[in-house]
Visitor: 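Questions regarding the structure given below will be posed in turn.
First the proteins, then the strands, lettered A, B, ... as listed; each starts at 1. Keep in mind that the numbers below use all heavy atoms, side chains included, and drop hydrogens, waters and symmetry copies.
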Number of protein chains: 2
Amino acid sequence: MSQSTTLKSISSLLNISVSTVSRALKNHPDISDKTKKKVQELAAMMDYEPNAHAISLRTNTSKLLGLIVPALSNFFYTSFLTALEEESRKHGYTLITLQSGDNTNIEQENLKLCRINHIAGLFIAISPETKNIDSFLRMEKNGVPVIFFDKVPDAENCNKVRMADEEAAIMAAEVIQKSKRKKILALFGNQEFSITKKRWKSFTGYFEKNAPATEVISVFVSSTQEAITETEKEMKQHEPDAVFCMSDEILAGAMKSIKKLKINVPKKVAVIAISNGFIPQLFDPEITYVETSGMELGKLAFNRMINYFNGQTTSQELIVPSKYVKGGSI
Amino acid sequence: MSQSTTLKSISSLLNISVSTVSRALKNHPDISDKTKKKVQELAAMMDYEPNAHAISLRTNTSKLLGLIVPALSNFFYTSFLTALEEESRKHGYTLITLQSGDNTNIEQENLKLCRINHIAGLFIAISPETKNIDSFLRMEKNGVPVIFFDKVPDAENCNKVRMADEEAAIMAAEVIQKSKRKKILALFGNQEFSITKKRWKSFTGYFEKNAPATEVISVFVSSTQEAITETEKEMKQHEPDAVFCMSDEILAGAMKSIKKLKINVPKKVAVIAISNGFIPQLFDPEITYVETSGMELGKLAFNRMINYFNGQTTSQELIVPSKYVKGGSI
DNA sequence: ATCATTTTCGCAAACGTTTGCGGCATCCGT
DNA sequence: ACGGATGCCGCAAACGTTTGCGAAAATGAT
C-alpha cells in the first residue's frame with residue numbers, strides 16, 4: 001500500500017504544524033488567509049483526502065449508516081435501499097448493507113458489525129422471530145438512533161416508519177366491495193409478521209362491518225411457491241370471484257395459477273394487490289393495486305434519521321399513505 | 001454516546017497492561033494461559049468488541065469492501081449484491097453499497113468515498129460514459145484490488161468477471177434458428193455498453209454465418225419505455241415471427257406491446273430472452289430464456305477478490321457460463 | 001549456587017486526526 | 001512608552017489498537 005497524503009506530509013512540506021494544516025483546511029478563523037491559501041492549494045495538488053477512520057476514532061462519530069433487511073431479493077427492500085442510498089450519498093453518509101435472511105442469529109451478527117464499525121445510525125426491518133429488541137434499544141441508549149421500518153416491532157418506545165398497512169388493505173377492500181364480488185380469496189404472508197396481522201385484521205374487518213354477506217377466505221402463505229399451490233387449490237375448491245394479494249411475491253404466485261387454470265381476469269375473477277409497483281404492470285390486463293412504495297418509505301426513513309440527529313429523539317411512528325393505482329383487473 | 005469497553009478499561013480492571021490484554025485476546029504465545037483465561041473471561045463479560053476504526057488506522061487494513069453499481073433498481077445488480085453481501089458476511093467482510101446512476105461524476109464521488117473509508121477491495125460495474133479507468137488502476141496500484149464486473153472496460157490490464165455474453169447470445173440464436181423463424185426483431189440495450197456490443201455482434205454474426213437467409217432487425221433501446229414503443233412500431237411495420245430481448249427490462253417492455261397487440265406467443269411470434277431468471281416466469285406462456293445469473297457472478301467476483309488477497313494479483317478475465325432455461329414461448 | 005535460557009509481561013511509539021490551551025507577535029489607544 | 005487586546009500559530013494529549021523491543025521473573029542445566 002503506497003502511502004497517501006496526510007496532514008503531516010502537507011505540514012512538513014510547508015514547515016508548519018499539523019494543527020495549523022488541519023485548521024486551515026476547515027477554514028478556522030484562527031488561521032490567516034495567507035496560510036489558508038497556501039495549505040488549501042497544496043492539499044488540492046496532492047489530492048489530500050481525510051482518513052475516515054482517524055476522524056471517527058478521534059471524534060467518536062462517523063458518517064456510516066447501517067441497513068439490515070431480511071433479504072435483498074425482496075423488491076420492496078431493494079427499492080427502499082435504492083432511495084436510502086441516494087439520500088445518504090446526497091447528505092454525505094455512506095451506507096453499510098446487511099441481510100439477515102430472516103434469521104435472528106445473523107441479525108445479531110450484523111448488529112455487531114454495525115457496532116464494530118461505529119455507525120451513526122441504523123435502519124432495520126426485523127426478522128419475524130425477533131421478539132426481543134433490547135439490543136436495539138441499547139444501541140439507541142448508546143447514542144446510535146435505530147429506525148425500524150416496514151417490519152416493525154410492537155413495542156412503543158422506539159422509532160418506526162412504515163406503510164399505511166391498515167389503510168392499504170381497506171382501500172383494496174373498498175374497491176372489491178364496489179365491484180360487487182361476493183366470494184374473496186384473500187392471500188396473506190407469514191402470520192408472524194405484524195404487517196400481516198394488520199392487513200388481515202383491516203381487510204377482514206372491513207367486510208364484517210360493511211358487507212357481512214361477502215365471504216372472505218383467508219389463506220396465509222410464506223413463499224411464492226406456496227402461493228401458487230394454495231391458489232390453485234382454493235380456485236378449484238371454492239371458485240372465488242375475487243383474489244386479494246397482500247404482496248408482490250404472492251401476486252406473482254397467484255397469477256401463475258390463475259393463468260394455468262385459464263381463468264379470465266377480470267371477467268371470471270377480479271384481482272387486486274398491495275404492491276411495490278412494478279410487477280402488477282407486467283400482466284395483461286394490468287393488475288389494479290394499492291401502492292406501498294419502498295422508495296417513499298426510504299426517503300421518509302432517512303428524513304427521520306436526520307431529524308433525530310438534529311435533536312428530535314423522542315419516539316415516533318411515521319406512516320406513508322397508500323396510493324390507489326387503477327389497472328384492468330377489477 | 002456512552003463509552004464502550006476497550007482494551008484499556010479491561011487492562012485497568014485487571015491491573016495489567018493494554019498490550020497484554022491485546023495479545024491475550026488473540027492468543028499470542030507470549031501470554032500465559034492463566035492471564036489469557038482471566039482476560040478473555042472478563043472481555044466476554046464486558047461485551048468487549050474491537051473498534052474497527054482503531055484497527056484500520058493502526059494496521060492500515062480494513063474489512064470493508066466497496067460495491068459501485070449504476071442502479072440497484074436493476075434486477076441483475078440486486079441479485080449480484082445479494083450474493084456478494086452473503087459471501088462477504090461469511091468471510092468477515094462488510095459491504096459498502098453505492099449507486100452511480102450511470103453518471104461518471106457520481107461514480108468518481110463514490111470512488112472517493114471508498115478511498116476515504118479505506119476499503120480493502122472494490123467491485124464495480126462502470127457507467128457507460130466511463131472511458132478512462134485510470135482512477136481505478138491507481139487504486140489497485142495503491143494496494144486496493146478492483147474487480148470489474150458485468151459492465152467491464154475494454155482495457156486488458158485489469159481484473160474482470162462477467163457473464164458469457166457472446167455465448168448467451170449465440171445460444172439464443174441457435175434456438176431461434178432451430179425453430180425455423182425467418183424474421184427476427186432483436187432488441188438490445190444501450191449501444192455504448194461493451195456488453196451490448198458483444199451480444200449484438202455474436203447474435204447477428206451467428207445468423208450471417210449459419211442462416212444468412214434469416215432477416216435480423218436490430219433495435220437499440222435504453223429503457224423499458226423505449227422498448228415498449230419500439231416493439232409496437234416494429235411489430236406493426238415488419239411483423240417479425242420472433243423477438244429476442246437481451247435483458248429483463250427490455251423483455252418487460254416488449255411483452256407489454258406484444259400483449260397489447262394481442263399477438264399470440266409462440267404461434268404468431270416466438271420470444272426468447274437473456275435474463276436474470278425471475279421475470280420470464282411471470283408470463284404465460286413462460287418465456288424461454290438464457291440465464292445470466294447475478295448471484296453466480298457475485299460469488300465468482302468475491303472468490304476472485306479473495307484469491308487476489310491471497311496473492312493472485314495478475315489480471316484475469318473470468319467468465320460465468322450461461323444456462324438455457326426452456327419455457328413455452330418458442 | 002551460578003549462569004543461560006525461556007517464559008511472561010510492560011513500555012512506548014505509531015497510525016491520522018481534532019482541539020484546548022498557552023505563547024509569541026503585532027496592533028491599537030492613551 | 002506602556003498596557004492591553006487581538007491575530008496567528010504550535011504543543012501536546014487524546015481516540016483504541018498493534019507491535020518491536022527490552023526487562024523482569026521463572027525455569028532449566030551444570
Visitor: Just call it for B/Thr59: base, sugar-phosphate, or nothing, with non-hydrogen atoms closer than 4.0 Å on any strand.
Guide: sugar-phosphate
Visitor: Atom CG of B/Leu57 and atom P of C/dC15: how far apart are they, to the nearest Å?
Guide: 9 Å
Visitor: Taking the ring of B/Phe123 and the ring of B/Tyr77, is the distance between their centroids below 6.0 Å?
Guide: no
Visitor: If I take atom NZ in residue B/Lys63 and atom C1' in nucleotide D/dT17, what distance separates them, rounded to the nearest angstrom?
Guide: 16 Å
Visitor: Among residues 32-53 of chain B, which residues get a heavy atom nearer than 4.0 Å to DNA chain C?
Guide: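 The stretch gives B/Ser32, B/Thr35 as the residues lying under 4.0 Å from the strand, ordered by number.
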Visitor: Walk me through whether B/Ser62 and B/Ser56 qualify under side chain to side chain donor-acceptor pair (under 3.5 Å).
Guide: CA-CA 5 Å; B/Ser62 88; B/Ser56 292; 4.9 Å; no
Visitor: Does A/Ser22 or B/Val21 map to a spot on DNA chain C nearer the 5' end, using the closest nucleotide for each?
Guide: B/Val21
Visitor: Got a sec, which residues hit side chain to side chain contact (heavy atoms under 4.5 Å, CB included) with B/Leu57, two or more places apart in sequence or on another chain?
Guide: A/Asn51, A/Ala54, A/Leu57
Visitor: Between the side chain of B/His28 and the main-chain N/O of B/Ala24, is any donor-acceptor distance below 3.5 Å?
Guide: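 Side chain of B/His28 to backbone of B/Ala24, a donor-acceptor pair under 3.5 Å: no, none is there.
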Visitor: Specify the separation, in whole Å, of atom CG of A/Leu7 and atom P of C/dA14.
Guide: 17 Å
Visitor: Check every atom of D/dC11, C/dA12, D/dT17 against the side chain of B/Ser19 and return the nucleotide holding the closest atom.
Guide: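 The listed nucleotide nearest to B/Ser19's side chain is C/dA12.
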Visitor: Classify the side chain of B/Ser56 versus the base of C/dC15 as yes if they form a donor-acceptor pair under 3.5 Å and no if they do not.
Guide: no
Visitor: When the distance from CD1 of A/Ile116 to C1' of D/dT17 is rounded to whole Å, what number comes out?
Guide: 13 Å
Visitor: What is the distance, to the nearest angstrom, from the CD1 atom on B/Ile16 to the P atom on C/dC11?
Guide: 12 Å
Visitor: Measure the acute angle between the ring planes of B/Phe309 and B/Tyr93, then classify it against the limits of 30° and 60° as parallel, tilted or perpendicular.
Guide: parallel
Visitor: Just by modelled atom types, is the A/Pro128 backbone N or O under 3.5 Å from a matching donor or acceptor in the A/Glu192 side chain?
Guide: no
Visitor: Please confirm whether any donor atom in the side chain of B/Asn60 sits under 3.5 Å from an acceptor in the base of C/dC15, or the reverse.
Guide: no
Visitor: Have a look at B/Thr6 and say if it touches a base, only the backbone sugar-phosphate, or nothing, with a 4.0 Å heavy-atom cut-off.
Guide: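 Sugar-phosphate: the residue B/Thr6, judged by heavy atoms under 4.0 Å, touches backbone atoms but no base.
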Visitor: Over 60° means perpendicular and under 30° means parallel, so tell me whether B/Phe136 and B/Phe148 are parallel, tilted or perpendicular.
Guide: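 Judged by the thresholds at 30° and 60°, the geometry between B/Phe136 and B/Phe148 is perpendicular.
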Visitor: Does B/Lys8 have a side-chain nitrogen or oxygen under 4.0 Å from the phosphate oxygens OP1 or OP2 of D/dC15?
Guide: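 Affirmative; the distance criterion is met.
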Visitor: Nearest-Å distance, NE2 (B/His28) to P (D/dT17)?
Guide: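 The distance from NE2 of B/His28 to P of D/dT17 comes to 17 Å, rounded to the nearest Å.
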Visitor: Rounded to whole angstroms, how far apart are CG on A/Asn117 and C1' on D/dG16?
Guide: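 Atom-to-atom, A/Asn117 to D/dG16, this comes out as 14 Å.
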Visitor: Rounded to whole angstrom units, what separation is found between the CZ atom of A/Arg23 and the C1' atom of C/dG22?
Guide: 12 Å
Visitor: Ignoring backbone atoms, establish whether B/Thr20 has a side-chain N or O less than 4.0 Å from OP1 or OP2 of C/dC9.
Guide: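 False: B/Thr20 side-chain N/O out of range (4.0 Å or more) of C/dC9 OP1/OP2.
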